[in-house]
Amino acid sequence: MPYFGMVLDGTWNEYLHGEDEECYRELEMAVKWIKEKEGVTEGLKNENPMLWVEKVNNIMARAEEEILREIIYV
């Protein structure tokens, strides 16, 4: 449905909320998958917390960028 139609019938906020939830679900799944693939584990978190934070932040940034590219900037 076109943007103006959604604004007029009051469904625009619902649509945005749904897109937001989809992005967060995708992000959560992507981060989990990448952490497993790259071996970023709870063991690393216990052994070297600063390295773990660095790796998780890097993974989050990459995953967010990809999700935005796939879902938002279609």
Side-chain angles (χ1 to χ4, degrees):
M1 179 178 281
Y3 166 75
F4 289 114
M6 294 176 85
V7 169
L8 292 174
D9 71 8
T11 59
W12 181 243
N13 285 337
E14 291 176 37
Y15 169 77
L16 290 178
H17 180 70
E19 290 295 309
D20 188 53
E21 286 184 339
E22 180 183 353
C23 287
Y24 279 108
R25 278 192 305 273
E26 291 289 327
L27 178 63
E28 190 175 288
M29 290 181 354
V31 167
K32 182 179 177 184
W33 182 79
I34 295 169
K35 281 172 56 179
E36 289 173 2
K37 180 181 173 195
E38 295 182 3
V40 180
T41 64
E42 290 296 312
L44 177 62
K45 184 178 181 180
N46 294 330
E47 294 169 13
N48 192 340
M50 292 302 291
L51 179 61
W52 183 85
V53 168
E54 178 184 336
K55 288 182 176 285
V56 170
N57 285 344
N58 182 278
I59 290 169
M60 288 282 291
R62 289 183 293 158
E64 285 176 356
E65 184 177 324
E66 186 62 30
I67 302 273
L68 286 172
R69 190 175 312 129
E70 287 180 7
I71 296 176
I72 303 300
Y73 305 130
V74 185

Q: Side chain to side chain donor-acceptor pair (under 3.5 Å) with Asn48: which residues, sequence neighbours excluded?
A: none
Q: Under the salt bridge (Lys or Arg N to Asp or Glu O under 4.0 Å) test, which residues partner Glu66, sequence neighbours left out?
A: Arg69
Q: Name all residues meeting the salt bridge (Lys or Arg N to Asp or Glu O under 4.0 Å) criterion together with Arg25; count only those two or more places apart in sequence or in a different chain, and write none if there are none.
A: none
Q: Could you list the residues that satisfy side-chain contact (heavy atoms from CB on, under 4.5 Å) with Val53, not counting sequence neighbours?
A: Asn57
Q: Can you name the residues that form a salt bridge (Lys or Arg N to Asp or Glu O under 4.0 Å) with Glu19, not counting sequence neighbours?
A: none
Q: Using the test ring pair (Phe, Tyr, Trp, His ring centres under 6.0 Å), find all partners of Tyr24 that sit at least two apart in sequence or belong to another chain.
A: none
Q: Please tabulate, one pair per line, all N/O donor-acceptor pairs under 3.5 Å involving side-chain atoms of residues 27-42, not counting sequence neighbours.
A:
{"unit_1": "Glu38", "atom_1": "OE1", "unit_2": "Arg62", "atom_2": "NH2", "d": "3.1"}
{"unit_1": "Glu38", "atom_1": "OE2", "unit_2": "Arg62", "atom_2": "NH1", "d": "3.2"}
{"unit_1": "Glu38", "atom_1": "OE2", "unit_2": "Arg62", "atom_2": "NH2", "d": "3.0"}
{"unit_1": "Thr41", "atom_1": "OG1", "unit_2": "Gly43", "atom_2": "N", "d": "3.3"}
{"unit_1": "Thr41", "atom_1": "OG1", "unit_2": "Leu44", "atom_2": "N", "d": "3.2"}

Q: Test of understanding: with side chain to side chain donor-acceptor pair (under 3.5 Å), list the residues that count as partners of Glu22, not counting sequence neighbours.
A: none
Q: Can you list everything that forms a side chain to side chain donor-acceptor pair (under 3.5 Å) with Glu21? Sequence neighbours excluded, please.
A: His17
Q: Are Tyr3 and Leu8 connected in a single hydrophobic cluster, I mean Ile/Leu/Val/Met/Phe/Trp/Tyr linked by side-chain heavy atoms less than 4.5 Å apart?
A: no
Q: Can you tell me how far apart CG (Asp9) and CZ (Phe4) are? Round to the nearest 0.5 Å.
A: 13.5 Å
